[in-house]
Student: 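Attaching a single structure in structure tokens format; questions to follow.
In what follows, chains are A, B, ... by sequence order, proteins preceding strands, each numbered from 1. The basis for the numbers below is simple: all heavy atoms, side chains too, and nothing from hydrogens, waters or symmetry mates.
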Amino acid sequence: MNKEISKTFESSQREVEIYKLWEESGLSNPDVMKKYLEDEGIEVQTSFTITLPPPNANGTPHLGHMCGYAFHDVIGRYRRMTGHPTLLLPGKDHAGIQTEAVFTKLLQSQGIDKQEIGREEFYKRCYDFCVMNMKEAREYEQRIGLSADFSREFFTLDERLTKVVYETFYKMYEDGLVYRDKRIINQCPSCKTALADIDTEHEERRGIFAYFIYPFVNEEDRKKAKEKLGAEGVTVATTRPETMLGDTAVAVNPNDERYREFIGKKVLVPFVEREIEVIADEETDMELGTGAVKVTPAHSPVDFEIGQRHSLEIVNVIDEDAKMTGDIPERFKGMGTIDCSKALVKELDEMGLLVKIENIKHEVAICERCKTAIEPIISNQWYVNVESLAKKALEALKEGDVKVIPSGQQKALEHFYENIQPWCISRQLWWGQRIPVWYSGGKKLFDWLNENKGKGVQDFEKEFSTKATGSGEIFLGENMPESQNGEVWEQETDVFDTWFSSGQWPYTTLGGPNGEDFKKYYPTQMMIHARDILFWWTGRMLMFGFYRTGQVPYSLTWLTGMILAADGSKMSKSKGNGVEPSEVFDKYGADALRMWYYSDALPGSNSPLREEKIKGNRNFVTKIWNASRFILMNIDDSEIEAIASAKVNETERVKATKAHIKKVKRYIEKYQFNLGAEEIREFFWHQVCDVWIEEVKAEIKEQEIGSQVRIEKLAELLYILKENLKIMHPFIPFITEGVWQELVKLGLAEGLLMSQQI
RNA sequence: GGGCGAUUAGCUCAGCUGGCUAGAGCGUCACAUUGACAUUGUGAAGGUCACAGGUUCAAUUCCUGUAUCGCCCACCA
């Protein structure tokens, strides 16, 4: 009987078909879901929203993405099945610097130089490239079963979204939070852009520690130094000799007996023949090196601070490409920093000023994206003063308005807010949202006036002996303002840091603070994302959320860890130890992968991929299929009607089932998916299958078809099966919906399991 | 240098606000079964819950310290 039920659940094929059913129902759209609930006479609960973390549109999703979606989906499906119109809002991120790097490389491999095709063409092609990737990403998202509302999908470069981001920028400018400043920044010589501190990493690399002498200018001082210090000058030690060309002071600790009498005296920087002063600074470490440190405000963040404290001159000697520049001897100009360092050391040695060179290992700041060593340089950039915003976010954390799971990470976030620095938001890239600013008379004029407070356009004209072409004011807007009296407006070429737009994700995707969706679905309920972007993302979203909407964008951040290779190492393309999600889908199916995530990928901790475990979960999926099939096979066609309409008694088995469901619901509500997953597996497999089905098998063995006992027992078993399918559905939606649809075919169930209520 | 977390079976890990012969999956071993089950079932072996103190009637669970590992932050020339 019922021969039409296939012997196995062909996951790779059936999962796609089942997803189509969900898609056609439109129930992932909360408006549709709300109407469904109303039509069914089910009490409508408050809406539930998660704006899903947008994956980078520059590549294909990996297992880590799938893991995140599995968690989003279990929550989303559960909410939907408990009366909440649920919105899982998907999107894709343009990922500025990273995508620009990836796409530039791709062009290069095709023999195309990005400078040749120009900014506009580059942007257009990169956009197409992203659109292509987005399509593929969407397919993966559907493959894992993500019940997101794709009719609301957003790309971070969508005009509707950009509009809201620009509004934020204008508002911040008016409120005095955004400003242009000349300070030391992290320049990535490879990506050729400024980076925020948070976009850098630190790595131990081999380097040198060179000791050399800055002779005193004054004859008397030289004599004294020879006596006291053993040389005719101050010996300084540095890991970066090339920066000496930009030195404007030598700092010593005021308590350092060795140098006390030399404070205020002048020494001579060789090559550039600059006389610089020995200054006293508390921060100078007497133990390190010689206790005297050369100060290069233009090329070291520490020295920049010292420079600020002592009003030192800033002398730029390294440019954006990490080449030597400025007022230095011709022979060094254009040299790379390392070559220049070697050349200088050699000449210092010849001059008798080199004391020694030590080989050391030290921490170097590197670009988070391309791992190139950072070059600290002075430059004009746009900044956001985030201090007041951070304070609000910190308060919200302390008050418990926002929680982070696992809680240890919450402390890390608090620490981040407590020590937050101005955020550099401009990037010298093409791929991103162009900063909507116009400079009357050019950017150079504006920056010059900004740097030289109190001076006017005439002073600028005098300084550069040119005629200014505008007032030096700026205009904020997307379109060029009208020119008057021949003034020239120069458009800002920089783009926003990616996080400036993704930080606003929870409300930009809902149409901004005035959008229709915003009214219905903001604030959202939670945010699930990878732990490693906690500061970048949740850190920013909380601040922006308060700023634009006056409230938290969501009340819970739930962090996922990383999926590692089986041996515990990081999966990476270069190592070739990566596993493609499609491989897993084809081999074991999405449900098996999901079950593995719930069991193994605990919040905040990394999990090595264990294929045997996924296989074990695939067996569980097969078990569900077969148990269901067995139950259905035992029902004779002539009994269907009676069983479908039979009243199920409150038996021990039914009671236990209800208690089980309650338990699992509690686990889901507490976000303990590992316990929930274990519970459904344990209960269905070892209680329903191993015990109850066996019992019923015996109970109906000798009974005639159509008999009261059979109807009663089979109806009870069917009830238990259906209840189990419902509670398992948020975890493993495909197999459960697949079985449900078999029931529907036989007239034993109705509708989609997806919209059933538990 | 500062902060956070981890240390439980061969492996990967659960164990929420203290009380059980300390659990799961995978692996190992024995037996059973061709059954609804690209298998499944029954059972077994395997842990002084890192170490040392403390609180308690009771500690894997709370506190303190030690060791080892990991992560994050930090300007150490």
Student: Taking C73(B) as the reference, what is the distance to G15(B) when you measure between their C1' atoms (whole Å, please)?
Tutor: 31 Å
Student: With sequence neighbours left out, write down each residue that passes side-chain hydrogen bond (donor to acceptor under 3.5 Å, both in side chains) with Trp625(A), or none if nothing qualifies.
Tutor: none
Student: Does Trp685(A) have a side-chain nitrogen or oxygen under 4.0 Å from the phosphate oxygens OP1 or OP2 of G41(B)?
Tutor: yes
Student: Flag this pair as yes if the NZ/CZ of Lys266(A) is under 6.0 angstrom from the six-membered ring centre of Tyr214(A) and inside a 45 degree cone about the axis; otherwise no.
Tutor: no
Student: Rounded to whole Å, how long is the line connecting atom CZ of Phe535(A) with atom P of C71(B)?
Tutor: 15 Å
Student: Which value, in whole Å, describes the distance between the P atoms of nucleotides U42(B) and A24(B)?
Tutor: 12 Å
Student: Determine all donor-acceptor pairs shorter than 3.5 Å in which one atom belongs to a side chain in residues 531-541 of chain A; sequence neighbours excluded.
Tutor:
from	atom 1	to	atom 2	distance (Å)
Arg531(A)	NH1	Gly604(A)	O	2.9
Trp536(A)	NE1	Asp199(A)	OD1	3.1
Trp537(A)	NE1	Ser502(A)	O	2.8
Thr538(A)	OG1	His529(A)	NE2	2.8
Thr538(A)	OG1	Tyr554(A)	OH	3.0
Thr538(A)	OG1	Thr557(A)	OG1	3.1
Arg540(A)	NH1	Trp536(A)	O	3.3

Student: What distance, rounded to whole Å, do you find between the two C1' atoms, one in U56(B) and one in A50(B)?
Tutor: 23 Å
Student: Assess, by modelled atom type and distance only, whether the side chains of Tyr78(A) and Glu669(A) contain a donor and an acceptor separated by less than 3.5 Å.
Tutor: yes
Student: Could you measure between the two C1' atoms, the one in G47(B) and the one in G10(B), and give it in whole Å?
Tutor: 12 Å
Student: Does a side-chain N or O from Asn626(A) land closer than 4.0 Å to OP1 or OP2 of U40(B), or not?
Tutor: no
Student: When all nucleic acid strands are considered with a 4.0 Å heavy-atom cut-off, which category describes Lys294(A): base, sugar-phosphate, or nothing?
Tutor: nothing
Student: Ignoring hydrogens and angles, answer whether the base of A36(B) and the side-chain atoms of Glu694(A) contain a donor-acceptor pair closer than 3.5 Å.
Tutor: yes
Student: Is it true that Lys615(A) and Glu612(A) make a salt bridge, defined as a side-chain N closer than 4.0 Å to a carboxylate O?
Tutor: no
Student: Base, sugar-phosphate, or nothing: which does Asn617(A) touch, judged by heavy atoms less than 4.0 Å apart?
Tutor: nothing
Student: Nearest whole angstrom, please: distance from the C1' of C26(B) to the OH of Tyr588(A).
Tutor: 12 Å
Student: Reading RNA chain B 5' to 3', what string of ( ), [ ], | and . shows its pairs, if Watson-Crick and G-U wobble pairs count only when both distances fall under 3.5 Å?
Tutor: (((((((..((((.....[...)))).(((((.......))))).....(((((..]....))))))))))))....
Student: Does Tyr597(A) have any ring pair (Phe, Tyr, Trp, His ring centres under 6.0 Å) partners at least two apart in sequence or in another chain, and if so, which?
Tutor: none
Student: At less than 3.5 Å, do the side-chain atoms of Lys670(A) and the base atoms of C16(B) form a donor-acceptor pair?
Tutor: yes
Student: Give Ser628(A) one of three labels, base, sugar-phosphate or nothing, depending on what nucleic acid heavy atoms sit under 4.0 Å from its own.
Tutor: nothing
Student: Between the protein and nucleotides 6-12 of chain B, list every N/O to N/O distance that falls short of 3.5 Å.
Tutor:
from	atom 1	to	atom 2	distance (Å)
C11(B)	O2'	Arg610(A)	NH1	2.9
C11(B)	O2'	Arg610(A)	NH2	3.1
U12(B)	O4'	Arg610(A)	NH1	2.9
U12(B)	O2	Lys613(A)	NZ	2.9

Student: Do NZ/NE/NH1/NH2 and the carboxylate oxygens of Arg710(A) and Glu699(A) come within less than 4.0 Å?
Tutor: no
Student: Indicate syn or anti for A36(B), taking the glycosidic torsion and treating anything within 90° of 0 as syn.
Tutor: anti
Student: Less than 6.0 angstrom separating the ring centers of Phe71(A) and Trp558(A), yes or no?
Tutor: yes
Student: Base, sugar-phosphate alone, or nothing: which one does Thr238(A) contact when heavy atoms must sit under 4.0 Å apart?
Tutor: sugar-phosphate
Student: Which donor-acceptor pairs under 3.5 Å do side chains of residues 279-286 of chain A form with protein atoms, sequence neighbours excluded?
Tutor:
from	atom 1	to	atom 2	distance (Å)
Asp281(A)	OD1	Glu283(A)	N	2.9
Asp281(A)	OD1	Arg309(A)	NH2	3.1
Asp281(A)	OD2	Arg309(A)	NE	3.1
Asp281(A)	OD2	Arg309(A)	NH2	3.3
Asp281(A)	OD2	His310(A)	NE2	2.7
Thr284(A)	OG1	Asp281(A)	O	3.0
Asp285(A)	OD1	Glu287(A)	N	2.8

Student: Is Glu723(A) salt-bridged to Lys665(A), going by a charged N under 4.0 Å from an acidic O?
Tutor: no
Student: Which is more 5' along RNA chain B, the nucleotide nearest Ser599(A) or the one nearest Phe620(A)? Just name the residue.
Tutor: Ser599(A)
Student: Round to a whole Å and report the spacing from CD1 of Ile360(A) to P of C76(B).
Tutor: 12 Å
Student: Scan Leu675(A) against the nucleic acid and name what it touches under 4.0 Å (heavy atoms): base, sugar-phosphate only, or nothing.
Tutor: sugar-phosphate
